[in-house]
Amino acid sequence: KDWRPFPDSAAALARLTRRYKLIAMTNAQRSAFDQFARALGNPFYAGFTVDDTGTEKPDPAFFEQVFAFVEKDGGSRDEILHVAQSQYHDIGISRKLGLTNCWIQRRHAQPGYGGTIEPERFTEPDFHFTSMAGLAERIKAMSPGALAVIKESVHRLVDMTEADAFAEEARLGQRAFTSADARKGL
């Protein structure tokens, strides 16, 4: 099957990868993720799939494996902004795990949750955009001083939204801000 990224995805991820390490977390198999990553221009520093983790999101064990990788790479879970399209697979569990999160609501003009499972209850995200381009533009529009603070305090941008979004089951997470930044209303 020919999975194509959303029109804004490749360019937005290319902009984000200039400043942040993008780590894909997807419920796809490794072979499918590799195709998705190529279609997006291979923007990911690392990628975690069901083949790698032995489990699927929203299982906290999936996230714990990513946390271990980030820590081994010199970062911490406090440096992760989890950016995702799925309320069920990502936004709810990321909140329970104490992550700052950003919901990319691709279906903003349509009712329901599309190909993803409807969550038991809606989780209000820390940040909310209708596209990856919106997130990338917001970061670009930040003042140099604010960007310096973010770059100093953040090493990871975990992005789950796009790798699986082709099949509308995908999530990517990105960490560009700390929880303190979220409270200040980026």
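What you are looking at is a predicted structure, and each value in this text was computed from that prediction instead of being measured.
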Closest heavy-atom pair and its distance - [X], [Y]:
{"X": "P60", "Y": "L97", "answer": "CB-CD2, 4.3 Å"}
{"X": "A136", "Y": "R15", "answer": "CB-NH2, 3.1 Å"}
{"X": "S9", "Y": "L40", "answer": "CB-CD2, 3.6 Å"}
{"X": "A28", "Y": "F36", "answer": "CB-CE1, 3.9 Å"}

Open item on the list: Please say yes or no: joined through hydrophobic side-chain contacts below 4.5 Å, possibly via intermediate residues, are I91 and Y88 part of one cluster?
Closed with: no
Open item on the list: Same cluster or not: V50 versus V66, using hydrophobic residues (I, L, V, M, F, W, Y) connected whenever any side-chain heavy atoms lie under 4.5 Å apart?
Closed with: no
Side chain of [X], backbone of [Y]: donor and acceptor closer than 3.5 Å?
{"X": "D8", "Y": "A133", "value": "yes"}
{"X": "T17", "Y": "L13", "value": "no"}
{"X": "D126", "Y": "C102", "value": "no"}
{"X": "N101", "Y": "H82", "value": "no"}
{"X": "Q105", "Y": "F129", "value": "no"}
{"X": "D51", "Y": "Q29", "value": "no"}
{"X": "Q65", "Y": "T53", "value": "yes"}

TODO: Please lay out, stage by stage, how T116 and Q87 fare under the test side-chain contact (heavy atoms from CB on, under 4.5 Å).
DONE: CA-CA 8 Å; T116 64; Q87 277 277 325; over 6 Å; no
Is any side-chain heavy atom of [X] less than 4.5 Å from a side-chain heavy atom of [Y]?
{"X": "K57", "Y": "I93", "result": "no"}
{"X": "T26", "Y": "F44", "result": "no"}
{"X": "L16", "Y": "P43", "result": "no"}
{"X": "T130", "Y": "I104", "result": "no"}
{"X": "R106", "Y": "M132", "result": "yes"}
{"X": "T100", "Y": "I80", "result": "no"}

Distance in Å, [X] [atom1] paired with [Y] [atom2], rounded so as to fall on 0.5 Å steps:
{"X": "N42", "Y": "L22", "atom1": "CG", "atom2": "CG", "value": "11.5 Å"}
{"X": "E56", "Y": "T49", "atom1": "CD", "atom2": "OG1", "value": "10.5 Å"}
{"X": "Q35", "Y": "R30", "atom1": "CD", "atom2": "CZ", "value": "12.5 Å"}

TODO: Indicate whether the side chain of S31 and that of D34 have a donor and an acceptor atom separated by less than 3.5 Å.
DONE: no
Open item on the list: Between K21 and D73, does the side-chain contact (heavy atoms from CB on, under 4.5 Å) criterion hold? Intermediate values first, please.
Closed with: CA-CA 11 Å; K21 293 178 179 179; D73 198 48; 3.2 Å; yes
- [ ] Go through the steps for M25 and F63 under the test side-chain contact (heavy atoms from CB on, under 4.5 Å), then give the verdict.
- [x] CA-CA 8 Å; M25 299 168 63; F63 288 78; 3.5 Å; yes
TODO: Using the six-membered ring wherever Trp is involved, compare the ring planes of W103 and H128 and label them parallel, tilted or perpendicular (cut-offs 30° and 60°).
DONE: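 Judged by the thresholds at 30° and 60°, the geometry between W103 and H128 is parallel.
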TODO: Verify side-chain contact (heavy atoms from CB on, under 4.5 Å) between R19 and I139, making sure each step is shown before the conclusion.
DONE: CA-CA 10 Å; R19 292 189 175 133; I139 290 173; 3.8 Å; yes
- [ ] Using a strict cut-off of less than 4.0 Å between a Lys/Arg side-chain nitrogen and an Asp/Glu carboxylate oxygen, indicate whether R95 and E124 qualify as a salt bridge.
- [x]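 No, no charged N to carboxylate O under 4.0 Å.
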- [ ] State whether Y113 and R107 meet the cation-pi test: NZ (Lys) or CZ (Arg) under 6.0 Å from the six-membered ring centroid, and within 45° of the perpendicular axis.
- [x] no
Task: Ring centroid separation F62 to F48 under 6.0 Å - done: no
